[in-house]
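Shown next, in structure tokens, is the structure this report addresses.
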Amino acid sequence: DTTANPGDDFYRYANGGWLDKNEIPADQSRWGTFYELRKENEKKIESILKEYSSKPYPEGTNEQKIGDFYYSGMDTNTIEKLGYTPISPMLTQIDQIKNLDDLSKFMGTLQKGGSNAPLYIYVDADLKNSQVNSLYFYQGGLGMPDRDYYLDPNPKFQTYRDAYKQLINNLFTLAGFDPAKDNYADEIFNLEKELAIASMPNEQLRDPANTYNPSTYEEFKKNYSKINWDLWFQGAGFEAPENFIVSTPSYFKGLNSILGKTNINTLKNYLKWQIINGYAELLNHDFVVAHFNFYSKILNGVEQMKPRSE
């Protein structure tokens, strides 16, 4: 924008022409040249997926697997008929939990599906020895973006909290539960608020010195004993390494305390919420809309849902 004085507003001078010609699409919360590149790439991938799903390929070939997988996500008639039944087996598993040992093993199995309830793990280069990879244990388990959404007194965050509680009740209702009988919203929100209090603030997370805390497996089991870590790793499907990194030890200390004092039924309802909310986008239309209205519209200002193919 050559009408802008670069000495006063270099950003406008450099980018003004593009900003004037490119509006944020209604199904996006932000936009830029890299988003345009991703959009074009997605179109190319979609054409490949449509081709593989529109014709038969020999059983067991990559083309057949890819085509069937894409078709399963686009078969809205079947998805609508199934409702919440795809997640029913996991909800039944939670009903069978009797104690913290059972809970520990089930929380481990959640890692196979990418759930971060109530903790998150990942593998990355060791921050102090780039020649090796390390397993990192990190805080997680919140249904809203970070601790501020639970604790900040700003009225904007209170609006988010009210909407989140409504989402909890809405999705539990869609999954066949009765929020009028069991107060899921307050129960789950209050538990997540305790997890938020235990979570390390963002400004502390930015300092690598705070998040590099090596531990042996035996030390880890001793320090955070309310989770049966042997059963947790058994559920996760891999052996515990002798050493790893605890990125947020204050969170795990808080989690240990929360598990020790919280009623097992509340913990089970929390896990049910993690399943229902985590898979809502993949279930029928009512689940998808409820999830979109909170996470995309209320939290990010997105006005329009993306096409299902995306």
Side-chain angles (χ1 to χ4, degrees), residues 1 3-4 9-53 66 69-76 79-80 113-117 120 122 138 140-150 152 154-168 170-171 174 192 196 202 205-206 273-310:
D1 180 2
T3 65
D9 189 347
F10 187 79
Y11 180 81
R12 178 70 198 180
Y13 177 78
N15 301 297
W18 190 92
L19 291 171
D20 291 341
K21 296 174 184 176
N22 292 272
E23 293 185 359
I24 298 176
D27 62 355
Q28 302 288 333
S29 61
R30 63 186 71 181
W31 195 245
T33 53
F34 283 102
Y35 288 88
E36 290 181 318
L37 288 173
R38 186 175 72 177
K39 192 82 168 180
E40 289 302 312
N41 194 46
E42 286 175 348
K43 290 179 181 179
K44 295 175 183 178
I45 294 172
E46 184 180 356
S47 68
I48 296 172
L49 295 172
K50 284 182 175 179
E51 177 187 348
Y52 287 169
S53 65
I66 293 170
F69 184 65
Y70 178 72
Y71 180 80
S72 71
M74 296 300 294
D75 182 8
T76 54
I79 292 169
E80 289 304 310
S115 173
N116 64 346
Y120 176 62
Y122 64 95
Y138 196 84
L142 301 181
M144 290 194 285
D146 62 48
R147 72 194 304 272
D148 289 345
Y149 286 75
Y150 296 84
D152 195 312
N154 187 303
K156 175 181 69 173
F157 288 98
Q158 184 58 51
T159 300
Y160 295 151
R161 290 191 279 271
D162 292 341
Y164 182 56
K165 290 181 182 181
Q166 187 61 53
L167 174 71
I168 294 172
N170 288 347
L171 291 188
L174 292 174
E192 290 190 5
N202 288 330
L205 291 171
R206 297 187 187 108
W273 169 240
Q274 292 296 320
I275 295 296
I276 296 168
N277 193 33
Y279 287 93
E281 287 184 294
L282 306 177
L283 299 174
N284 67 18
H285 182 71
D286 290 342
F287 279 95
V288 173
V289 170
H291 192 275
F292 168 82
N293 283 339
F294 178 71
Y295 285 103
S296 295
K297 183 175 285 188
I298 292 175
L299 291 188
N300 291 297
V302 178
E303 291 299 325
Q304 180 178 309
M305 290 177 60
K306 295 179 182 179
R308 187 169 188 88
S309 58
E310 295 183 16

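Values reported hereafter were calculated over all heavy atoms of this structure, with side chains retained and with hydrogens, waters and symmetry mates removed.
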For this session: Report the distance from atom CG of Asn170 to atom NE2 of His291, rounding to the nearest 0.5 Å.
Result: 12.5 Å
Problem set entry | Salt bridge Asp152-Arg161, side-chain N to carboxylate O under 4.0 Å | no
Exercise. Under the 3.5 angstrom rule, does the side chain of Asn15 hit a backbone N or O of Tyr11 as a donor-acceptor pair?
Worked result: yes
Exercise. More than 12 foreign heavy atoms under 6.0 Å from CZ of Phe157: is that the case here?
Worked result: yes
Exercise. Do Glu40 and Lys43 pass the salt bridge (Lys or Arg N to Asp or Glu O under 4.0 Å) test, and can you show the C-alpha distance, the side-chain angles, and the key distance before you say yes or no?
Worked result: CA-CA 5 Å; Glu40 289 302 312; Lys43 290 179 181 179; 3.6 Å; yes
Exercise. Between Leu299 and Tyr149, is a side-chain contact (heavy atoms from CB on, under 4.5 Å) present by the stated rule, with each step listed?
Worked result: CA-CA 10 Å; Leu299 291 188; Tyr149 286 75; 4.0 Å; yes
For this session: Apply side chain to side chain donor-acceptor pair (under 3.5 Å) to Asp162 and Gln166, showing your working.
Result: CA-CA 6 Å; Asp162 292 341; Gln166 187 61 53; over 6 Å; no
For this session: Would you check if the side chain of Glu192 reaches a backbone N or O of Gly143 as a donor-acceptor pair within less than 3.5 Å?
Result: yes
Exercise. Counting distance only, does the side-chain N/O of Asn277 pair as donor-acceptor with the main-chain N or O of Trp273 below 3.5 Å?
Worked result: no
For this session: Please report the C-alpha distance between Leu205 and Tyr138 in whole Å, then the side-chain angles of each, then the deciding distance to 0.1 Å, and finally whether the side-chain contact (heavy atoms from CB on, under 4.5 Å) criterion is met.
Result: CA-CA 11 Å; Leu205 291 171; Tyr138 196 84; 3.4 Å; yes
Exercise. Which heavy atom of Tyr279 sits nearest a heavy atom of Gly113, and at what distance?
Worked result: OH-CA, 4.3 Å
For this session: Locate the shortest heavy-atom distance separating Phe287 from Ala280; write the atom from each residue and the value.
Result: CB-O, 3.4 Å
For this session: Determine, stepwise, if the pair Asn202 / Arg147 fulfils side-chain contact (heavy atoms from CB on, under 4.5 Å).
Result: CA-CA 9 Å; Asn202 288 330; Arg147 72 194 304 272; over 6 Å; no
Problem set entry | Reported CD1-to-CG distance for the pair Ile45 and Asn41, which is rounded to 0.5 angstrom | 4.0 Å
Exercise. Can you list the steps and then say if Leu49 with Met74 is a side-chain contact (heavy atoms from CB on, under 4.5 Å)?
Worked result: CA-CA 11 Å; Leu49 295 172; Met74 296 300 294; over 6 Å; no
Problem set entry | For Ala4 against Tyr13, the heavy-atom pair lying closest together | O-CD1, 3.3 Å
Exercise. Can any side-chain N or O of Ser53 pair as donor or acceptor with the backbone N or O of Lys50 at less than 3.5 Å?
Worked result: yes
For this session: Determine whether more than 12 heavy atoms belonging to other residues, nucleotides or ligands lie under 6.0 Å from atom CZ of Phe292.
Result: yes
Seminar exercise, completed: Separation between CD1 (Ile66) and CD (Glu51), nearest 0.5 Å, reads 10.5 Å
Exercise. Ignoring hydrogens and geometry, is there a side-chain-to-backbone donor-acceptor pair from Arg308 to Gly73 under 3.5 Å?
Worked result: yes
For this session: Identify the two heavy atoms, one from Gln274 and one from Ser115, that lie closest to each other, and give their separation to 0.1 Å.
Result: OE1-OG, 4.4 Å
Problem set entry | For Ile276, the option from Leu174, Leu171, Leu283 that meets side chain to side chain contact (heavy atoms under 4.5 Å, CB included) | Leu171
Exercise. With no hydrogens and no angle check, is any side-chain donor or acceptor of Tyr150 less than 3.5 Å from a backbone partner on Met144?
Worked result: yes
Exercise. Does Phe10 CZ have over 12 foreign heavy atoms under 6.0 Å away?
Worked result: no
Problem set entry | Separation of Thr33 OG1 from Arg38 CZ (nearest 0.5 Å) | 12.0 Å
For this session: Measure the CD1-NE2 distance between Ile79 and His285 for me, rounded to the nearest 0.5 Å.
Result: 12.0 Å
Problem set entry | Exam field: side chain Asn300 to backbone Val302, donor-acceptor pair closer than 3.5 Å | no
Exercise. Above 12 or not: heavy atoms from other molecules or residues under 6.0 Å from OH of Tyr295?
Worked result: yes
Exercise. Any sub-3.5 Å donor-acceptor pair from Glu46's side-chain atoms to Glu310's backbone N or O?
Worked result: no
For this session: With rounding to the nearest 0.5 Å, note down the distance linking OG in Ser296 to CD in Gln28.
Result: 9.5 Å
